[in-house]
Amino acid sequence: MRVAYFLFLFIPTICFSQEEKSGWNVMNSTDNREGELFVYWGYNRAYYGTSDIHYKGDDFDFTLYDARAMDMPEKFDPEVYFNPDQITIPQFNFRVGYYFNKNTAISAGWDHMKYRLVRNQKLYMNGYIDPIYSPGDELTSGPIDGYIDYNPAFMDYHHSDGFNFARIAIEQRLPIWMSKNGKHHFVMNGSASVGMMFPWTDWTFFGTHYRNKVHLAGYGISLSTGARFEFFKYFFVQGMLQAGMANMTDIMLQDDKKSSRGEQKIEFMERSWSLGGYIPIKAKKEKKISE
C-alpha cells in the first residue's frame, strides 16, 4: 500500500501539468468546462492494508495487530443496481462538482466503501478482556500477549453499513483527444481530497451484536487519478483509482456507550466506474481562433 502512495504522488503531477503543445491549440480553445457543474454516480471495489486496531471499554482494553481486511461487494443483481430504492446497498460513489476555471474544479461527494476483518485469521493480541464476557474462555482468563484465533465465536468486526468517506477535492482535467466534430473527448483526471470518515460499524463481541449508528470517527486524505470519455458534449463514463488513508480515533463499538470505542488507521485503494454528465450554468465567451 505504501508503494501505491509513492506512485500516486507522480500520477497527478502529470494530470496537473498542461503544456501548450503543437496541434493542441485548437482543441484547448474549444475544450472549456468553466462554468459547468458535473455530477456522477458509480460503484467501487476497495482494497485495504493491514491495520492495528485498539478496542477499549469498561471491561476490556486490547489491541489486534496487522489485521487483514477485505471489502464486501454486492453480487450483481439488476433489481438492486438499477432499483432507486436499493442502489445505495452496493459500494457506491456519488459526486458533484463545479469547474471554476477552464479545466479545474472543486467537488464534494460520498464514497461508500465497506470494510470487514477477514475471518479465521491468526492475529497478535495484547491486552485483557473481563471474564464476564465468556467465563472460562482462554481470552478472558487473564492478560493476553500472543497470537489468537480471530473467529466469529470471539468477534466479528466490520464497517458493513459503510466505511464512508465524505470528501472535498480539487480536480484537474487534462484533455488528450477530441473528435473532429468536437462532441467527444477523452481526458485524464487527477485530484487531491480531504474529508471526514463516517463509519457505520457492526460489532459482534462474544455473541452479543451491536449495530451502531453512522458516526463521525476521524478524517481521511487521498489522491485519485483516472480517465474519462465524454460523449455528445454533456455525458461521460469514467474509471478512477484512489489511494488514501483514514485515521479513525472514535469508532463506536457498544452502541452509544461513550466509554466503548475503537481506534485504527486504514490504508486503502479504491477502483471505481461511474456514469455522469455536465450541466452548463454559466455562458461561455467564444474565442476566435486565427488560422
Side-chain angles (χ1 to χ4, degrees), residues 37-48 68-97 107-120 152 155-169 171 184 186 189 191 193 195-204 207-217 220 222 224-244 246 248 251-252 255 266 268-279:
L37 286 172
F38 69 88
V39 61
Y40 67 74
W41 178 276
Y43 297 101
N44 69 68
R45 290 295 309 271
Y47 309 89
Y48 304 106
R68 293 181 293 112
M70 59 191 300
D71 67 347
M72 301 170 66
E74 186 74 15
K75 183 179 180 181
F76 180 76
D77 182 348
E79 294 185 2
V80 174
Y81 282 82
F82 301 121
N83 183 340
D85 293 331
Q86 302 290 323
I87 58 173
T88 59
I89 292 177
Q91 299 176 176
F92 69 83
N93 296 62
F94 170 74
R95 196 148 206 86
V96 61
S107 66
W110 189 272
D111 290 14
H112 176 74
M113 298 171 278
K114 295 186 180 184
Y115 177 98
R116 185 173 200 166
L117 290 192
V118 174
R119 292 180 174 181
N120 300 312
M155 184 197 301
D156 191 12
Y157 173 79
H158 46 101
H159 310 302
S160 55
D161 280 330
F163 175 57
N164 298 303
F165 187 16
R167 60 187 175 93
I168 59 173
E171 303 194 18
H184 314 298
F186 181 78
N189 281 329
S191 70
S193 301
M196 308 306 290
M197 304 305 304
F198 291 88
W200 199 329
T201 306
D202 196 300
W203 193 45
T204 301
T208 301
H209 180 227
Y210 304 95
R211 188 177 185 275
N212 299 282
K213 62 185 179 182
V214 65
H215 175 69
L216 172 60
S222 71
S224 301
T225 188
R228 180 181 291 178
F229 178 68
E230 303 169 345
F231 54 98
F232 300 112
K233 289 188 178 180
Y234 299 117
F235 306 96
F236 63 82
V237 292
Q238 71 175 21
M240 297 292 292
L241 289 174
Q242 179 179 195
M248 300 190 296
I251 302 167
M252 295 181 69
D255 301 321
I266 300 176
F268 66 88
M269 289 194 69
E270 177 202 69
R271 59 179 173 90
S272 62
W273 293 93
S274 305
L275 177 65
Y278 295 103
I279 306 170

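Excluded from the calculations below are hydrogen atoms, water molecules and symmetry mates; all remaining heavy atoms, backbone and side chain alike, are included. These numbers were taken from a predicted model, which means no experiment stands behind them.
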Which heavy-atom pair separates [X] from [Y] by the least distance, and what is that distance?
X: Phe186; Y: Ala227; answer: CZ-CB, 3.7 Å
X: Ser107; Y: Glu171; answer: OG-OE2, 2.7 Å
X: Met248; Y: Pro199; answer: SD-CG, 3.8 Å
X: Ser222; Y: Gln242; answer: OG-OE1, 2.7 Å
X: Met72; Y: Lys114; answer: O-CD, 3.8 Å
X: Lys233; Y: Tyr278; answer: O-CD1, 3.7 Å

Among Phe235, Phe232, Phe231, Tyr234, whose ring pair (Phe, Tyr, Trp, His ring centres under 6.0 Å) with His184 holds?
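Testing each of Phe235, Phe232, Phe231, Tyr234 against His184, the sole residue satisfying ring pair (Phe, Tyr, Trp, His ring centres under 6.0 Å) is Phe232.
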
Passing option when Phe92 is tested against Tyr43, Trp41, Trp273 for ring pair (Phe, Tyr, Trp, His ring centres under 6.0 Å):
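Result for ring pair (Phe, Tyr, Trp, His ring centres under 6.0 Å) with Phe92: Trp41.
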
Please enumerate all residues that pass ring pair (Phe, Tyr, Trp, His ring centres under 6.0 Å) together with His159, with sequence neighbours excluded.
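Scan of His159 (ring pair (Phe, Tyr, Trp, His ring centres under 6.0 Å), adjacent residues dropped) gives Tyr115, Tyr157.
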
Please enumerate all residues that pass ring pair (Phe, Tyr, Trp, His ring centres under 6.0 Å) together with Phe94, with sequence neighbours excluded.
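Result, ring pair (Phe, Tyr, Trp, His ring centres under 6.0 Å) vs Phe94: none returned.
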
Side chains of [X] and [Y]: closer than 4.5 Å at any heavy-atom pair?
X: Gln91; Y: Asn44; value: yes
X: Arg45; Y: Asp71; value: yes
X: Met197; Y: Phe165; value: yes
X: His158; Y: Phe163; value: no
X: Asp202; Y: Asn212; value: no
X: Arg116; Y: Asp156; value: yes
X: Thr208; Y: Tyr210; value: yes
X: Met155; Y: Trp203; value: yes

Distance, nearest 0.5 Å, that separates [atom1] of [X] from [atom2] of [Y]:
X: Asp111; Y: Asn164; atom1: CG; atom2: CG; answer: 9.0 Å
X: Arg167; Y: Trp110; atom1: CZ; atom2: CH2; answer: 12.5 Å
X: Glu270; Y: Met240; atom1: CD; atom2: CE; answer: 9.0 Å
X: Gln238; Y: Ser274; atom1: CD; atom2: OG; answer: 5.0 Å

Show the atom names and distances, to 0.1 Å, of all donor-acceptor pairs under 3.5 Å that link a side chain in residues 79-86 to residues at least two apart or in another chain.
from: Tyr81; atom 1: OH; to: Glu74; atom 2: O; distance (Å): 2.7
from: Asn83; atom 1: OD1; to: Asp85; atom 2: N; distance (Å): 2.9
from: Asn83; atom 1: ND2; to: Glu79; atom 2: O; distance (Å): 3.3

Would you confirm whether His215, through its side chain, and Phe198, through its main-chain N or O, come within 3.5 Å as a donor-acceptor pair?
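Side chain of His215 to backbone of Phe198: no pair is present.
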
